[in-house]
Amino acid sequence: MKHYKSLAQLSHDNGFPPPENPLLGLVHCDKSCHIVEQEFTSDFYLIGFKKLISGMFLYGRTKYDHDNGSMSFVKPRQVIEFKNMKFEEKGFLILIHEDFLNGHPLHTEIKKYGYFEYETNEALHLSPKEEQIIWGLFNEIETEYNNNQDEYSRDIILGHIESILKYSQRFYKRQFINRITVAGKVASKFNEALSVYFDKGYLLEKGLPTVKSMAAELNLSPSYLSDLLKQETGKTAMELIHIYLISEAKNLLKGSDNNIAETAYTLGFDNLPYFSRLFKKEVGISPVQFRKQIMN
């Protein structure tokens, strides 16, 4: 599998114009983009804009037929592949080498945008007004990019890129709300999946449920699931898993003769101190103190 360290090589292989900046590339796609059809990884962040009408975007070794949203985000060293991509209208790609961010606050901040962990079927769908905002920011970047770059250029460009990321975060939150309205309460479905996991004895067979396993049950990526749940409940997927497990622990401690260790084992914990710490964090007292209160 090919790994691209330089934008110049990536641009050459795909027939793009040579980049004006060795660490930043802007590519216009007018209904199609000639991108080499092979798996590759790179040292770049990729921001892609515009809805596809055909083709496939293979991301993280997961395949999705594309009738998807307007924007997708890829982090460095993620396996990606493009096949026969045709756009509904014009679009663009922004390729940002991670070294372009060195010494700038965005070097740290960009890692906080969870949508770089989403799968491609969780792309961002934009309204017409939102599209105008994104295009406006891209045009500002392009204007600065094509000027004679000076000591201010990088900060100005990164400022506009950061604005794209912040607006995308806002637009995703709007999409979460719309998705919850259309698809029903995600938290209810999440708790149902946890109940099935518990009822089928998977706690003993597979151990503690993970965000990844629960996301797979709901056909979502872990990051997207956590962000949906955070929007709906104020808590992440892992926090809700902990709440569910401790609720079951309280029920077992009240309704059975199991000791603390047996209760922990029944719930899939193979580390008793970890169970006790988690229980105390959620309940405020240790399992031993909780059992004593019941007996009194």
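By convention here, the first residue in the shown sequence is residue 1.
- Formation of a donor-acceptor pair under 3.5 Å by the Asp150 side chain with backbone atoms of Ser153 is found in this model.
- Looking only at distances, no side-chain donor or acceptor of Glu282 sits under 3.5 Å from a matching main-chain atom of Phe279.
- Considering CD1 of Ile47 and CD1 of Ile161, their distance stands at 6.0 Å, rounded to 0.5 Å.
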**Message:** Apply side-chain hydrogen bond (donor to acceptor under 3.5 Å, both in side chains) to residues Asn21 and Gln149 and explain how you reach the verdict.
**Reply:** CA-CA 9 Å; Asn21 186 308; Gln149 297 189 30; 3.3 Å; yes

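- Follow the hydrophobic side-chain contacts under 4.5 Å out from Met214 and you reach Leu218 in the same cluster.
- Cation-pi geometry between Lys206 and Tyr202 is satisfied (NZ or CZ under 6.0 Å from the ring centre, within 45° of the ring normal).
- Between Leu229 and Lys235 there is no side-chain heavy-atom pair separated by less than 4.5 Å.
- Checking side-chain atoms of Ser11 against main-chain N and O of Leu7 turns up a donor-acceptor pair under 3.5 Å.
- Interatomic distance, Ser127 OG to Gln132 CD, rounded to the nearest 0.5 Å: 8.5 Å.
- Formation of a donor-acceptor pair under 3.5 Å by the Glu248 side chain with backbone atoms of Leu245 is not found in this model.
- Considering all non-hydrogen atoms of both residues, Gly114 and Asp227 come closest at CA-OD2, 4.4 Å.
- Annotation: Phe73 is not in aromatic contact with Tyr113 [ring centroid separation under 6.0 Å not met].
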Show the atom names and distances, to 0.1 Å, of all donor-acceptor pairs under 3.5 Å that link a side chain in residues 259-272 to residues at least two apart or in another chain.
residue	atom	partner	partner atom	Å
Asn259	OD1	Ala261	N	3.1
Asn259	OD1	Glu262	N	2.7
Glu262	OE1	Asn259	N	2.9
Thr263	OG1	Asn259	O	2.9
Thr266	OG1	Glu262	O	2.8
Asn271	OD1	Tyr274	N	2.9

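- Taking the side chain as every heavy atom from C-beta outward, Ile164 and Ser168 approach each other to under 4.5 Å.
- Other residues, nucleotides and ligands contribute at most 12 non-hydrogen atoms within 6.0 Å of the NZ atom of Lys166.
- Connection of Leu253 to Ile285 is established within a shared hydrophobic cluster, with ILVMFWY side chains joined at heavy-atom distances below 4.5 Å, either directly or through further cluster members.
- Residues Phe190 and Leu225 form a side-chain contact, since some pair of their non-hydrogen atoms from C-beta on lies under 4.5 Å apart.
- Ser223 and Ser226 share no donor-acceptor pair across their side chains, judged by distance under 3.5 Å alone.
- Annotation for Glu20 and Tyr145: closest pair N-OH, 2.8 Å, computed over non-hydrogen atoms.
- Side-chain contact between Pro19 and Leu24 is absent, with no heavy-atom pair separated by less than 4.5 Å.
- Checked for salt-bridge contact, Arg174 and Glu130 meet the test: a charged N lies under 4.0 Å from a carboxylate O.
- The NZ atom of Lys250 sits 5.5 Å away from atom CZ of Phe290, with the distance rounded to the nearest 0.5 Å.
- With a 4.5 Å cut-off on side-chain heavy atoms, Arg154 and Leu23 do not count as touching.
- Atom CG of residue Asn139 and atom NE2 of residue His160 lie 10.5 Å apart, to the nearest 0.5 angstrom.
- For Phe49 and Phe138, the ring centers are positioned 6.0 Å apart or more.
- Residues Phe92 and Val27 fail the side-chain proximity criterion, which asks for heavy atoms closer than 4.5 Å.
- Between the Tyr167 side chain and the Ile134 main chain, no donor and acceptor come within less than 3.5 Å of each other.
- When the side chains of ILVMFWY residues are joined at heavy-atom separations under 4.5 Å, either directly or via intervening members, Leu26 and Ile156 end up in two distinct hydrophobic clusters.
- Note: Tyr45 and Phe116 meet the aromatic proximity criterion, with ring centroids under 6.0 Å apart.
- Taken from CD in Glu162 to CD1 in Ile157, the straight-line distance is 14.0 Å, to the nearest 0.5 Å.
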Solution key, residues 93-100 side-chain donor-acceptor pairs under 3.5 Å, sequence neighbours excluded:
residue	atom	partner	partner atom	Å
His97	ND1	Asp99	N	3.0
His97	NE2	Lys5	O	3.1
Glu98	OE1	Arg77	NH2	3.0
Glu98	OE2	Arg77	NH1	2.9

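- When all heavy atoms are compared, the tightest approach of Gly207 to Tyr197 is O-OH, 2.9 Å.
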**Prompt:** Between Arg291 and Lys254, is a side chain to side chain contact (heavy atoms under 4.5 Å, CB included) present by the stated rule, with each step listed?
**Reply:** CA-CA 7 Å; Arg291 173 58 68 82; Lys254 286 180 179 179; over 6 Å; no

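- Residue Leu278 is grouped with residue Val288 when hydrophobic side chains (ILVMFWY) are merged at heavy-atom distances under 4.5 angstrom, including chains of intermediate members.
- Scanning both residues, Phe44 and Ser6, for their nearest heavy atoms gives CZ-C, 3.4 Å.
- Nearest approach of Pro222 to Lys212, heavy atoms of both residues: CG-CA, 3.9 Å.
- Between Tyr115 and Tyr172, the angle of the ring planes stays under 30°, which puts this pair in the parallel group of the 30/60° scheme.
- Minimum interatomic distance between Ile110 and His107 (heavy atoms only, all atoms of both residues): CG2-O, 3.8 Å.
- The neighbour count for Tyr244 OH, taken as heavy atoms of other residues, nucleotides or ligands under 6.0 Å away, is above 12.
- In this structure, the side chain of Ser247 does not engage the main chain of Ile243 through any donor-acceptor pair within 3.5 Å.
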**Request:** Test side chain to side chain contact (heavy atoms under 4.5 Å, CB included) on Lys112 and Glu109 and set out the steps.
**Result:** CA-CA 5 Å; Lys112 297 179 182 178; Glu109 290 300 313; 3.2 Å; yes

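- Put simply, the side chain of Ile133 reaches to within 4.5 Å of the side chain of Phe171, judged on heavy atoms.
- Residues Thr143 and Glu140 bring no donor and acceptor atom of their side chains to less than 3.5 Å of each other.
- By the 4.5 Å heavy-atom criterion applied to side chains, Asp13 and Gln9 are counted as neighbours.
- Between Glu192 and Lys189 there is no salt bridge, since no side-chain N of the basic residue sits under 4.0 Å from a carboxylate O of the acidic one.
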